[in-house]
Every structure is written in structure tokens, then in C-alpha cells.
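Have a look at the structure below before the remarks.
Atoms within a ligand are numbered from 1 in the order they appear, just like the ligands themselves. Being a predicted model, the structure only gives us computed values, none of them experimental. Because only heavy atoms are used, hydrogens play no part in the values below, and waters and symmetry mates are left out as well, while side chains stay in.
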Amino acid sequence: MVQVIYPGTFDPVTNGHVNIVERAAALFDQVVIAVARNEKKMPLFNLDERIALLEQSLRHLTHIKVVGLQMLLTHFMRENGIYTVLRGLRVVSDFEYEFQLSNMNKAIEPKMETIFLPTDEKHGYISSSLVKEIASLQGDTHTFVPPAVSRALRAKYPA
Ligand code: COA
């Protein structure tokens, strides 16, 4: 069984992330979505909320598993015996950070490989922070995020 880990903060999951998972699901036998606690990013949604939103947003897919990531990604790889990591690339500026992340992980765990999927061009401008900013100012987010996320954002920022 060929498995891949798709790690991220997913605060919250956007249509861009969903598109990456949909395409990965066609390439791998199982996609393990690892939701990093990432307190340094001071997430709007807690870990359980982010996991629940991903599960609701990916209900149409099979062979998907959503789990919390509360350790180093490389330790998670060893614990699960999965050494392939998937990341989406939106724009050229993403590459610098992704290249560093990939090389740092590989320095810790030489067996790991990173696979990059280009984000679909219609989602290339979406980011979780921009979506949160729009919601915080009572803007409509439904074209950028799955319906469950749009509802959850409205609940976080009631009018
Ligand atoms: N479509 C839309 N947006 C996308 C996207 C896509 N396909 N791919 C990435 N993004 C955006 C997100 O919306 C998010 O936007 P924001 O910066 O405005 O919040 C940003 O890109 C990145 O977020 P995300 O995809 O959730 O991932 P991340 O960069 O926060 O993830 C980890 C980082 C989790 C991979 C990294 O911190 C990690 O591995 N942590 C575990 C601990 C560890 O091992 N640390 C050492 C690493 S060497």
C-alpha cells in the first residue's frame, strides 16, 4: 500500500488544500492528513476543530485519514512507517520555505522524500490567513473554503 503524509496547520482547511487531497487520493492508496498543533501560529481553530473541519470537508473521498500531529514530522514518519510527504505549491515564493522544510526534514530522516503538487491555478491566491481576515471583517468566504468551514468562520466572528 503506497501511503503519503500531507502535513499542515490547516487553520482552516481551504478549497486549495481540498484540491490537493483530491488529486493525491487518485495517486496514492491512502492519504494521511497530519494536522500540526503549531501553537506558534496561534491558530484560530483548536486542533480538534481543525481535524473535524477537515473530516467534514473530505467526506466525499475514501482512503483518507485525518490525524493530529503533536510531534516532529520525522518522528511521525518513523512511528507510522510512511516516508513520503506531500506539499502543495501555490506560487514561486512558496518554494523557498518548502525547499528549506524538505531539506531540514531530510537531514533528520534521510529516508524521507517530499512530493510537490502544483496548486490548481484557480486556488493559487487562497490562503488561510486571508480567509480569516475576510471572515473577521464580516466578508463572505464561501467561494474559498468548504461549506462547513464557512459556517465555522461565521460562528467565530458573529455579526
Ligand atoms: N491551497 C491554498 N492554500 C494553501 C495551499 C493550497 N494548496 N497550500 C498551502 N496553503 C497555504 C495555507 O492556506 C496557509 O496559509 P497562511 O500562511 O495564510 O496560514 C499556508 O499556505 C501554509 O499552511 P499549511 O498548508 O496549513 O501548512 P504549514 O506551512 O502551516 O505547515 C508544517 C507546516 C505543519 C508542515 C510544519 O510546521 C511541520 O512539519 N510541523 C511539525 C513539527 C515539525 O516537524 N517541525 C520541524 C519542521 S523541519
Query raised in the report: Is the side chain of Arg87 donor-acceptor paired with the backbone N or O of Pro7 at a distance under 3.5 Å, no angle test?
Result: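 A pair under 3.5 Å: yes.
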Query raised in the report: Any sub-3.5 Å donor-acceptor pair from Glu98's side-chain atoms to Ser93's backbone N or O?
Result: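 Side chain of Glu98 to backbone of Ser93, a donor-acceptor pair under 3.5 Å: no, none is there.
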**Report entry** Test item: Val4 and Ile115 side chains (from C-beta on) under 4.5 Å apart, heavy atoms
**Finding:**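 No, their side chains stay 4.5 Å or more apart.
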Query raised in the report: When Ile, Leu, Val, Met, Phe, Trp and Tyr are grouped by side-chain heavy atoms lying under 4.5 Å apart, directly or through other members, which residues fall in the same group as Met71?
Result: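 Ile5, Val32, Val67, Leu69, Leu73, Phe76, Met77, Ile82, Tyr83, Val85, Met112, which link up through side-chain heavy atoms under 4.5 Å apart, make up the rest of the cluster.
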Query - Residues lining ligand 1 [heavy-atom distance under 4.0 Å, listed by chain and residue number] - result: Pro7, Gly8, Thr9, Phe10, Thr14, Gly16, His17, Ile20, Ala36, Asn38, Lys41, Leu69, Met71, Leu72, Leu73, Arg87, Arg90, Tyr97, Leu101, Met104, Asn105, Thr119, Ile126, Ser127, Ser128, Ser129
Report task. Classify the side-chain pair Glu109/His75 by whether it contains a donor and acceptor separated by less than 3.5 Å. Result -> no
Report task. Determine, for Glu39 against Arg37, whether the closest basic-nitrogen to carboxylate-oxygen distance falls under 4.0 angstrom. Result ->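 Looking at Glu39 and Arg37, the cut-off is met.
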